[in-house]
2 protein chains.
Amino acid sequence: MKNIETMIENFKKIARSKGMKITPQRVAIYRELVSRHDHPSAEDIYDALKGKFAGISLATVYRTLTSLENAGLAMKVATVNGVARFDGKITPHSHFICKVCGRVIDIDCEVNVETEKLKKYNFSVEKCEIIYYGVCDKCQN
Amino acid sequence: MKNIETMIENFKKIARSKGMKITPQRVAIYRELVSRHDHPSAEDIYDALKGKFAGISLATVYRTLTSLENAGLAMKVATVNGVARFDGKITPHSHFICKVCGRVIDIDCEVNVETEKLKKYNFSVEKCEIIYYGVCDKCQN
DNA sequence: GTTTTTGCAAACGCTTTGCACGTAG
DNA sequence: CTACGTGCAAAGCGTTTGCAAAAAC
């Protein structure tokens with residue numbers, strides 16, 4: 001799913017199947033989200049779009065991100081300094097958060113979770129989120 | 001470190017060594033935090049204390065939790081529905097968050113992280129946070 | 001006595017929401 | 001034509017902060 005246009009077609013198909021309407025705003029927000037890999041905040045997306053898109057509102061970005069989450073097309077992957085960060089990559093992967101610059105970086109490192117031992121809790125586990133914290137390469141001087 | 005009074009003595013020692021003053025509020029907040037294992041929010045602690053402690057303020061609870069974090073005596077372990085949750089247990093462990101009731105539960109399940117592969121990123125990794133999401137035993141009916 | 005901490009209330013900042021208008025289907 | 005989405009501004013809400021009084025050391 002690397003081709004952006006393919007992803008947008010997929011988005012339209014899924015959105016329609018969920019009864020969502022395909023608006024120019026939604027397409028633009030989804031395109032922006034999947035085009036970049038810095039896990040933007042709602043405001044990041046808003047800032048990137050307001051130049052090309054007269055009158056787009058921050059509220060619409062928030063509402064669209066929530067819709068995308070509900071449709072399984074996006075995820076809130078972290079909260080850095082009180083600001084939610086989103087990802088259009090929905091395949092399982094981990095993240096590293098730099099406590100200096102706040103960058104959120106994808107980590108494709110394998111993790112072996114002893115899920116056998118988790119069974120004793122009798123929980124229905126749906127998701128496992130792994131976040132590493134530290135200082136990124138650029139911030140180490 | 002199971003004995004509460006022992007933990008409080010340890011807290012006083014560390015706090016003093018960091019130049020912090022030992023106030024009745026701080027002792028009460030720390031005691032409340034380490035006495036319970038439900039990962040309370042600042043408001044949970046405030047609610048539990050305001051009965052026994054005339055005039056304690058929510059701001060003091062927030063400030064104390066921040067001080068405890070800085071002293072390495074507590075941690076913000078999760079944010080559930082926009083509310084930060086704290087833990088006085090600072091040894092490494094994971095958490096399960098029930099998306100129905102919002103409970104945060106300690107998980108002492110081993111995880112083998114392939115830290116070797118992390119090295120290629122040239123990050124200085126200080127912490128690894130693992131959170132499982134799903135539905136807890138009580139909420140499954 | 002000096003410095004830190006507290007309580008109160010106000011301020012903050014991200015996010016959500018009510019409403020009238022616009023637009024997709 | 002009807003239901004859903006949008007823009008705007010206002011409201012929400014957890015958390016932080018300024019300040020004078022109080023307490024720790």
Side-chain angles (χ1 to χ4, degrees), chain A residues 8 11-30 32 39-47 49-71 73-86 102 104, chain B residues 8 11-30 32 39-47 49-71 73-86 102 104:
Chain A
I8 290 176
F11 150 68
K12 287 182 180 175
K13 198 169 62 185
I14 293 185
R16 254 190 286 263
S17 79
K18 305 246 179 193
M20 294 166 61
K21 289 182 175 173
I22 314 297
T23 65
Q25 289 93 329
R26 286 182 171 172
V27 175
I29 291 164
Y30 183 73
E32 183 68 23
H39 310 82
S41 66
E43 192 136 25
D44 290 336
I45 293 177
Y46 171 67
D47 288 342
L49 257 40
K50 68 183 174 193
K52 355 182 177 171
F53 220 107
I56 194 169
S57 80
L58 184 53
T60 295
V61 177
Y62 274 107
R63 280 189 280 228
T64 297
L65 288 170
T66 302
S67 302
L68 290 174
E69 264 200 282
N70 292 339
L73 291 161
M75 289 175 64
K76 187 183 292 181
V77 292
T79 300
V80 182
N81 296 138
V83 182
R85 304 282 289 267
F86 295 85
V104 178
Chain B
I8 290 175
F11 151 68
K12 287 182 181 174
K13 200 168 63 186
I14 292 184
R16 254 189 287 263
S17 79
K18 305 249 178 191
M20 294 168 60
K21 292 183 174 173
I22 314 296
T23 65
Q25 289 92 330
R26 285 181 171 174
V27 175
I29 291 165
Y30 183 72
E32 184 68 25
H39 310 83
S41 66
E43 191 137 25
D44 290 336
I45 293 176
Y46 172 68
D47 287 342
L49 257 41
K50 69 181 172 194
K52 354 179 176 173
F53 221 106
I56 195 170
S57 81
L58 184 53
T60 295
V61 177
Y62 274 107
R63 281 189 279 230
T64 297
L65 287 170
T66 302
S67 302
L68 290 173
E69 266 201 280
N70 292 339
L73 290 160
M75 289 175 64
K76 187 183 292 184
V77 292
T79 299
V80 181
N81 296 138
V83 182
R85 304 281 289 268
F86 296 85
V104 178

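Within every chain, numbering begins at 1; the chains are lettered A, B, ... in the order of the sequence lines, protein sequences first and strands thereafter.
Contact annotation: side chain of B/R63 to base of D/dG18, donor-acceptor pair present below 3.5 Å.
Annotation for B/F53 and B/A28: closest pair CE1-CB, 3.8 Å, computed over non-hydrogen atoms. Residues B/A71 and B/M20 come closest through the heavy atom pair CB-SD, 4.3 Å. Of all heavy-atom pairs spanning A/R26 and A/K21, the tightest one is NH1-O, 3.0 Å.
One finds a side-chain N or O of A/T60 lying less than 4.0 angstrom from the OP1 or OP2 phosphate oxygen of D/dG7. Note on A/Y62: a side-chain N or O is less than 4.0 Å away from OP1 or OP2 of C/dT15.
Remark: side-chain polar atoms of B/D44 are paired, donor with acceptor, to backbone N or O of B/S41 under 3.5 angstrom.
Sequence order on DNA chain D of the closest nucleotides to B/R85 and A/S57 puts A/S57 first from the 5' end. Each of B/G82 and A/I56 lies near DNA chain D, and the nucleotide nearest A/I56 is the one positioned closer to the 5' end.
Between the CG atom of B/D44 and the P atom of D/dT15 there is a distance of 10 Å, given to the nearest Å. One interatomic measurement links the two molecules: CD1 of A/I45 to P of C/dC14, which rounds to 15 Å at whole-angstrom precision. Atom-to-atom, CG of A/L58 to P of D/dG7 comes out at 11 Å; the value is rounded to the nearest Å. The CG-P distance, from A/L49 to D/dG7, rounds to 10 Å in whole Å. Taking atom CG of A/N70 as the reference point, atom C1' of D/dG5 lies 15 Å away to the nearest angstrom. Across the protein-nucleic acid pair, B/K50 atom NZ and C/dG7 atom P stand 14 Å apart, rounded to whole Å. When rounded to the nearest whole Å, the span between OH of B/Y46 and P of C/dT6 equals 14 Å. Rounding to whole angstrom units, CG of residue A/D47 and P of C/dC14 are separated by 11 Å.
Using a 4.5 Å heavy-atom threshold, the side chains of A/Y30 and A/T64 count as separate. Counting only heavy atoms from C-beta outward, the side chains of A/L65 and A/I45 approach each other to under 4.5 Å.
Across all strands, B/A84 comes closer than 4.0 Å only to sugar-phosphate atoms, never to a base (heavy-atom distances).
Taking a 4.0 Å limit (strictly below) on heavy-atom distances, residues 11-28 of chain B reaches DNA chain C at B/M20, B/K21, B/T23, B/Q25, B/R26.
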Could you walk me through whether B/E32 and B/L49 pass side-chain contact (heavy atoms from CB on, under 4.5 Å), step by step?
CA-CA 8 Å; B/E32 184 68 25; B/L49 257 41; 3.7 Å; yes
